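In what follows, a single structure is set out as structure tokens and then discussed.
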Amino acid sequence: MKAMVMTKICDLRENIIPLELRDVPKPRPAENELLLKVLTCGVCHTELDEIEGRTPPARLPVILGHQVVGRVEQAGGKAGQFKVGDRVGVAWIYSACGRCKFCRSGRENLCPDFRATGRDADGGYADYMTVRGDFAYPIPKIFSDAEAAPLLCAGAIGFRSLCLAGLQDGQNLGLAGFGASGHLVLLLAKHKFPRTRIYVFARAPEEREFARELGAAWAGDSNEMPPLKLDCIIDTTPVWKPVVEALERLDSGGRLVINTIRKEDIDKDYLLKLDYPAHLWMEKEIKSVANVSRSDVVEFLRLAAEIPIRPEIEEYPLEKANQALMEIKERKIRGAKVLRLS
Ligand SMILES: [Zn+2]
Ligand SMILES: [Zn+2]
């Protein structure tokens, strides 16, 4: 089968073709697994973190991709509810131990044995992949194969970040960064909190324009001041400056939720500008988001179908995965990027 394979960790400023198109053996499902014919796979900023070594794969080579929509081609005897021909999704959570205190309390995203799809196991940048039956999700009929892909990471983790924000209807929400996750959180927040006004901070003018089109009350550059202080800000940027700026834009008692798996070190010096009275005092809080649980994925897919949320998609053939990744690196983003497998 065809796969875009990651063979080494590299610096994307020097190597703009990090993945290699290879012919690799088709995987075989275990008793508790499904073999999926991959239909689409979303491209995520986290893949840049893997390639550049901020969250390195457990082994190399590895097939990236953790927002997978596939059709069940084979099901092991103990693979559970799904049967051949079903359309299912796979998310960032590939497996967890099922026994630790986190798994037993519905916080399997924090499990010390958490394994990530497309990092600790081969993912969806390929014609086929395998997944445990109990870590796959039915895809609601109303979504096309391409629309469903970004819901599985950008959407599900965006949903988790909005839950952790603890927002109440009518409070003012800020979104720092407006990529795949930001635009889905905006649509979700408008539905869950109809009286809430949303303020978007984005560096690129096109992203700000896009945010206004989707209903943001205000959109500005990350260094601009919104017309009022915000009750909660969700940061999806890969750097530090927006964190410090967001803290200054928070109202007393406000909460900053950082929804990023890793931050890059390039502007870490900016943290020295942290000023206790301006940025932290008055009971401001900072919380990070880690991974995603199965119930986040299930609950978000249900909500997304009910609203319905239709993500903005840019499609690429599998062979153009490197191009899609570099466009994310260079922030040429409008909505979500999805690979289509032929
Ligand atoms: Zn992702
Ligand atoms: Zn566990």
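Note that ligands are numbered from 1 as they come in the structure, with each ligand's atoms numbered from 1 the same way. Here the structure is a predicted model, which is why all the values come from computation and not from measurement. We count residues from 1, following the sequence as given.
Minimum interatomic distance between Asp145 and Arg340 (heavy atoms only, all atoms of both residues): OD2-NH1, 4.4 Å. Nearest approach of Cys97 to Cys111, heavy atoms of both residues: N-SG, 3.4 Å. In terms of heavy-atom proximity, Ala165 sits nearest to Val257 at CA-CG2, 3.7 Å.
Judged purely by distance below 3.5 Å, without hydrogens or angles, the side chains of Thr55 and Glu50 never pair a donor atom with an acceptor atom. Remark: the Lys263 side chain and the Thr237 side chain contain an N/O donor-acceptor pair separated by less than 3.5 Å.
The tally of protein N/O/S atoms under 2.8 Å from the Zn ion (ligand 2) stands at 4.
A salt bridge does not link Glu327 to Lys332: none of the charged side-chain nitrogens sits closer than 4.0 Å to a carboxylate oxygen. Ion pair Arg208/Glu224 not flagged as a salt bridge, since none of the NZ, NE, NH1 or NH2 atoms sits closer than 4.0 Å to an Asp/Glu carboxylate oxygen.
Of the candidates Ile261, Thr236, Asn259, Asn259 is the only one forming a side-chain contact (heavy atoms from CB on, under 4.5 Å) with Ile157.
Between Phe178 and Phe210, the ring planes lie perpendicular to each other; the angle is over 60°, past the 30° to 60° tilted range.
Among protein atoms, those of element N, O or S found less than 2.8 Å away from the Zn ion (ligand 1) are Cys44 SG, His66 NE2, Cys153 SG.
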